[in-house]
Amino acid sequence: MSVAHKVALVTGAAQGIGRGLSEILLKHGAKVLLTDVNQAAGDKTLAELTAKYDQSRVAFVQCDITKQEQLETAFATAKSQLGGIDIVVNNAGIGDEGDRWENTVDVNLKGTVKATKMAIDNLRKDRGGKGGVIVNMASMAGLNPNPCGPVYCATKAAIIMFSQCWGMNPDVTGNGVRINILAPAFVDTDLVKQQLQKGKDVIRPDIAAMMVERVGIMPVEQVAEALLELVTDESKHNAVLKISASTGKSYQ
Ligand SMILES: NC(=O)C1=CN([C@@H]2O[C@H](COP(=O)(O)OP(=O)(O)OC[C@H]3O[C@@H](n4cnc5c(N)ncnc54)[C@H](O)[C@@H]3O)[C@@H](O)[C@H]2O)C=CC1
Ligand SMILES: CCC(=O)/C=C/C=C\C[C@@H](O)/C=C/C=C/C=C\[C@@H](O)CCCC(=O)O
């Protein structure tokens, strides 16, 4: 499947991995609705991307994935402003541990659940959708436990399980919808540079530093290429694509 002329909705698209995923989709001819809780960052990224790509192919709408009504507005905007929805990338996520661990459950788990369910309802052909593909952002931390982010790891493991359960549902597979999971290790974004490596909201920052040292940090572009593989290869369904600076790309 080519992404050219397809419409993608990306959450957490204002920076980091989400911005990289949005840009590779634009580079390959897709139309992209950028969504993010951060209005200012979203506006800035929109201005930068419209300077590089046809402004009719990219838009931004503020959306906190924990808010059902904001998700509904985002999906409606993709349809009204960009002409439909073919690809949904549930990328938004945070890594609060310690006293703020419930934020991480709200965003990473509950927000991704809300957005996935809405994506399925909008894509499935028996409900007026065109079919399409959903890619949920998990992490290698959802496959391999570590002592630095027990809640974060749990939310990422839950995203994998939740996504694959829906991927087994005939209402999904029988109505033209594919669901895949992306599971990166460390990526060069604020979540790593401004949080993990600064030991903010991390349990045992010393161990986190050793993990980063051992595993390495990859550029956003490497994750974006992996996303393209999950979106364009129509044989990929319920796949978990792992990607790490030290061990490269492999399927779970
Ligand atoms: N950076 C890394 O090493 C890895 C990151 N991931 C995952 O990739 C995703 C993106 O992470 P990064 O780009 O590194 O982080 P980041 O912190 O650089 O960007 C996250 C984006 O999500 C947005 N966001 C946060 N809460 C939101 C909410 N409630 N609703 C909508 N948007 C929200 C932020 O405003 C920000 O623009 C996350 O799900 C993260 O767990 C997975 C594996 C590795
Ligand atoms: C405190 C919250 C938290 O955990 C913050 C995480 C920050 C970065 C994002 C996270 O998703 C990255 C996880 C990376 C895991 C990497 C290592 C191992 O689980 C497997 C490495 C495989 C290999 O040896 O290459």
Side-chain angles (χ1 to χ4, degrees), residues 9-22 34-42 44-45 60-67 70-71 74 89-98 100-101 103-112 114-115 135-157 159-160 181-205 207-220 222-224 226-227 241-250 252:
L9 184 155
V10 182
T11 70
Q15 68 178 58
I17 294 172
R19 174 171 174 153
L21 305 182
S22 303
L34 312 167
T35 77
D36 201 292
V37 67
N38 187 329
Q39 177 81 49
K44 179 173 180 290
T45 295
F60 169 72
V61 63
Q62 191 270 343
C63 173
D64 176 347
I65 65 169
T66 68
K67 302 283 188 289
Q70 295 187 23
L71 281 167
V89 183
N90 291 313
N91 163 76
I94 61 175
D96 294 353
E97 286 289 337
R100 301 190 308 161
W101 65 271
N103 297 345
T104 301
V105 175
D106 287 343
V107 176
N108 294 11
L109 180 54
K110 293 167 70 175
T112 302
K114 287 185 170 92
V135 179
N136 286 342
M137 185 62 71
S139 166
M140 287 191 75
L143 295 164
N144 308 303
N146 71 62
C148 311
V151 173
Y152 177 85
C153 292
T155 65
K156 292 303 180 176
I159 287 172
I160 294 168
I181 298 111
L182 202 41
F186 300 111
V187 188
D188 186 15
T189 72
D190 282 356
L191 181 59
V192 170
K193 293 179 296 187
Q194 301 305 325
Q195 180 175 343
L196 194 71
Q197 290 185 298
K198 292 187 172 176
K200 280 168 63 182
D201 254 337
V202 179
I203 298 169
R204 288 306 298 262
I207 297 175
M210 284 190 289
M211 282 179 65
V212 171
E213 182 65 26
R214 175 175 65 83
V215 174
I217 300 176
M218 63 189 143
V220 164
Q222 212 171 326
V223 182
L227 171 85
L241 180 50
K242 302 182 291 185
I243 180 164
S244 148
S246 47
T247 50
K249 206 168 50 168
S250 62
Q252 172 71 348

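Atoms within each ligand, like the ligands themselves, are counted from 1 in listed order.
- Taking every heavy atom of Gly16 and a limit of under 4.0 angstrom, the matching atoms of ligand 1 come to 13 (O), 18 (O).
- With distances taken over non-hydrogen atoms, the option nearest atom 1 (N) of ligand 1 out of Asn103, Thr189, Thr112 is Thr189.
- Counting atoms of ligand 2 from 1 in the listed order, those under 4.0 Å from a heavy atom of Ser246 are 23 (C), 24 (O), 25 (O).
- Remark: ligand 1 and Gly18 share no N or O pair separated by less than 3.5 Å (distance only, no angle test).
- For the ligand labelled ligand 2, residue Asn146 lies outside the 4.0 Å heavy-atom shell.
- Applying the 4.0 Å criterion to heavy atoms of Phe186 picks out, from ligand 1, the atoms 3 (O).
- Looking from atom 18 (C) of ligand 2 to the surrounding protein, the closest heavy atom is Asn144 ND2, 3.9 Å.
- When only interatomic distances are considered, the shortest N/O to N/O separation between Asp201 and ligand 2 does not fall below 3.5 Å.
- At least one N or O atom of Tyr152, backbone or side chain, sits closer than 3.5 Å to an N or O atom of ligand 2.
- By the criterion of a heavy-atom distance under 4.0 Å, neither the backbone nor the side chain of Ala141 is placed next to ligand 1.
- Ligand 1 has no N or O atom lying under 3.5 Å from any N or O atom of Ser139, backbone or side chain.
- Polar contact with ligand 2: present for Thr247 (N/O pair, distance under 3.5 Å).
- When Ala138, Ser139, Gly142 are ranked by how near their heavy atoms come to atom 13 (C) of ligand 2, first place goes to Ser139.
- Among protein heavy atoms, the minimum distance from atom 31 (C) of ligand 1 is reached at Cys63 O, 3.2 Å.
- Side chains of Gln62 and Asp36: a donor-acceptor N/O pair is absent below 3.5 angstrom, by distance only.
- Side chain of Thr35 to backbone of Ala74: no donor-acceptor contact under 3.5 angstrom is found.
- Between Thr66 and ligand 1, not a single N/O pair is under 3.5 Å apart.
- The side-chain heavy atoms of Leu182 and Val223, taken from C-beta on, include a pair separated by under 4.5 Å.
- Regarding atom 21 (C) of ligand 1, its nearest protein heavy-atom neighbour is Gly12 O, 3.7 Å.
- Here the heavy atom of the protein found nearest to atom 24 (O) of ligand 2 is Arg214 NH1, 3.2 Å.
- Distances from atom 5 (C) of ligand 1 to the heavy atoms of Val187, Ile17, Leu71 put Ile17 nearest.
- Taking every heavy atom of Ile94 and a limit of under 4.0 angstrom, the matching atoms of ligand 1 come to 25 (C), 26 (N).
- Under the 4.5 Å side-chain criterion, counting only non-hydrogen atoms from C-beta, Lys242 is not in contact with Thr247.
- No N or O atom of Asn38 sits closer than 3.5 Å to an N or O atom of ligand 1.
- Ranking protein heavy atoms by distance to atom 2 (C) of ligand 2, first place goes to Gly95 O, 3.2 Å.
- Protein heavy atom nearest atom 22 (C) of ligand 2, with residue, atom name and distance: Met140 CE, 3.5 Å.
- The single protein non-hydrogen atom nearest to atom 37 (O) of ligand 1 is Asp36 OD2, 2.6 Å, given as residue, atom name and distance.
- Gln15 has its side chain out of reach of Thr45: every pair of non-hydrogen atoms, C-beta onward, lies at least 4.5 Å apart.
- Every atom of ligand 2 is numbered from 1 in the order shown, and the set under 4.0 Å from a heavy atom of Val192 is 8 (C).
- Every atom of ligand 1 with a heavy atom of Ala92 under 4.0 Å away is listed here by number and element: 31 (C), 32 (N), 33 (C), 39 (O).
- The nearest protein atom to atom 30 (N) of ligand 1, hydrogens excluded, is given as Ile65 N, 3.0 Å; this is a heavy-atom distance.
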